[in-house]
Number of protein chains: 2
Amino acid sequence: MNKQTEILEYINKKISSEGYSPSVREIGKAVNLKSTSSVQYHLDNLIKKGLLSKKANLSRSLSNNKRNKTFLSVPIIGEISAGSPLLAEENKIGEIPVVEERYNKDLFALKVKGDSMIDAGIYDDDIVVVDKNIEPKNGDIGAFMINDTEATVKYLDTISGKKYLIPANKNYENFEVNENTQPVGKVVSLFRDI
Amino acid sequence: MNKQTEILEYINKKISSEGYSPSVREIGKAVNLKSTSSVQYHLDNLIKKGLLSKKANLSRSLSNNKRNKTFLSVPIIGEISAGSPLLAEENKIGEIPVVEERYNKDLFALKVKGDSMIDAGIYDDDIVVVDKNIEPKNGDIGAFMINDTEATVKYLDTISGKKYLIPANKNYENFEVNENTQPVGKVVSLFRDI
DNA sequence: AAATTTTTCGAACATTTGTTCTAATTTATG
DNA sequence: CATAAATTAGAACAAATGTTCGAAAAATTT
């Protein structure tokens, strides 16, 4: 392999595994270059090619131009154990990546069970991302807790003055919002494995 | 705001904007702490709380524990400029995160236009991830290039010996596969903003 | 008000680190 | 083979950086 690409790959590996850039000397050790100036030589070339960025005189400031985006993970909540809070660790069944611009502390994801929202394009086993910051309004798809034990995803709407959770499937009935129905947040995005 | 969270947020901001960790002194300057040891004091606490990681004696080695580094980005392809290869930079309209275990070099994403796959739960403006490594088989949903200028997402199936691209919408017609139809890959997952 | 805990400061120190310069070595080129 | 170009090495330097210690200041508790 080319020394330059060898260096670039080592930098990528280091950043993604450790979370920070290697130093010039670490690079040299990793790719068998005994002199720091040899490493500098290749770094300069990589920077000229636009493949790498770095701040002058600044330690461990290398960053890959091609893959720089950071993603944050949001927990996926599965079945909710009776009595445990929704976001309890025991209910977590996985993680889903979210782009940083969209991330906030009140995001979480739910695995949808059943076909009650199929006409909204939400299928069994789909994963929906819920923002607890946003209270679902009429017409929104929201996540709701029923009796503190079950999370459900439905349309919210008002019919003749009463609020209902409304499935997107003719085979299911509307459910009138009562004191055991707690809005959790608005559904903002959806993932599916095909 | 709490000094500790102020520091944590500054570190996050710095890493995501610059691509590398700030130094102790940079943190101090950012959050108005005149002594490096004051910063150390808070860093130690953050590490004890498990919110932060760092290597001893190593400059700019801070990394956020909540931040998952195992996500990689896959390009989203929009409209395909005539004559340009599918994955050309000019066709790229964004990026989408993919968990590392699932990542491979032949993944890319397409923005779906129209409602021809609506009965498969794929809606207008949905984004589907395509794996060029997997050739779509009968019954699969695949991405296909037509005349090298248009990418389309359809079911693939064989009807009385002939291969067809089959929409999931009664209002659209099946399309017989011909020499201008190139399979690109299999659709493996789906994203939607709601 | 006194005692205790938390937080901040200042200075000093040992390393780490990026940079630069010149020369040696290897590789490609005519 | 001779020459030029690309690559590597070694050493030295200045700046950046993490760490530690004791004391002061501020906030909290008793």
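So you know, we letter chains A, B, ... as the sequences are listed, proteins then strands, and number each from 1.
- Closest-nucleotide positions on DNA chain D for B/Ala56 and A/Arg25 were compared, and the one nearer the 5' end corresponds to A/Arg25.
- Side-chain contact check for A/Asp193 and B/Ser189: no donor-acceptor pair (N or O, by modelled atom type) lies under 3.5 Å.
- Protein atom CG of A/Asn32 is 14 Å distant from nucleotide atom C1' of D/dT7, rounded to whole Å.
- When heavy atoms are screened at a 4.0 angstrom cut-off, A/Arg60 is found touching the sugar-phosphate backbone but no base atom.
- A side-chain N or O of A/Tyr172 and one of A/Asp115 form a donor-acceptor pair less than 3.5 Å apart.
- When the P atom of C/dG18 is taken as reference, atom OH of B/Tyr20 falls 12 Å away, rounded to whole Å.
- Each of B/Gln4 and A/Glu26 has a nearest nucleotide on DNA chain C; the 5'-most of these lies closest to B/Gln4.
- For a distance-only test at 3.5 Å, the side chain of B/Thr36 qualifies as a donor-acceptor partner of the base of D/dT19.
- For the pair A/Leu33 CG and C/dT19 P, the interatomic distance rounds to 16 Å; values are reported in whole Å.
- Side chain of A/Leu58, nearest nucleotide from C/dC9, D/dA16, D/dT7: D/dA16.
- The distance between atom OH of A/Tyr41 and atom C1' of C/dT19, rounded to the nearest whole Å, is 17 Å.
- Side-chain to base pairing of B/Ser37 with C/dC9: one donor and one acceptor N or O lie within less than 3.5 Å of each other.
- No hydrogens or angles considered: a donor-acceptor pair under 3.5 Å links the side chains of B/Ser59 and A/Ser59.
- For the pair A/Asp44 CG and C/dT19 P, the interatomic distance rounds to 8 Å; values are reported in whole Å.
- What separates NZ of B/Lys3 from P of C/dT6 is a distance of 18 Å, to the nearest Å.
- Between D/dT17 and B/Lys29, no contact under 4.0 Å exists linking OP1 or OP2 to a side-chain N or O.
- For B/Ser35 and C/dG10, the shortest distance from a side-chain N or O to OP1 or OP2 is not below 4.0 Å.
- Donor-acceptor pairing under 3.5 Å is recorded for the side chains of A/Lys154 and A/Ser116.
- More than 12 non-hydrogen atoms from other residues, nucleotides or ligands lie less than 6.0 angstrom from CD of A/Glu176.
- Rounded to whole angstrom, the span from the NZ atom of A/Lys48 across to the C1' atom of D/dA6 amounts to 12 Å.
- If you check C/dT17, D/dA9, D/dG18 against the side chain of A/Ser38, the one that comes closest is D/dA9.
- When the P atom of D/dT7 is taken as reference, atom CD of A/Glu6 falls 14 Å away, rounded to whole Å.
- Side-chain nitrogen and oxygen atoms of B/Lys34 include none within less than 4.0 Å of the OP1 or OP2 phosphate oxygen of C/dT8.
- A sub-4.0 Å separation between OP1 or OP2 of D/dT8 and a side-chain N or O of A/His42 is present.
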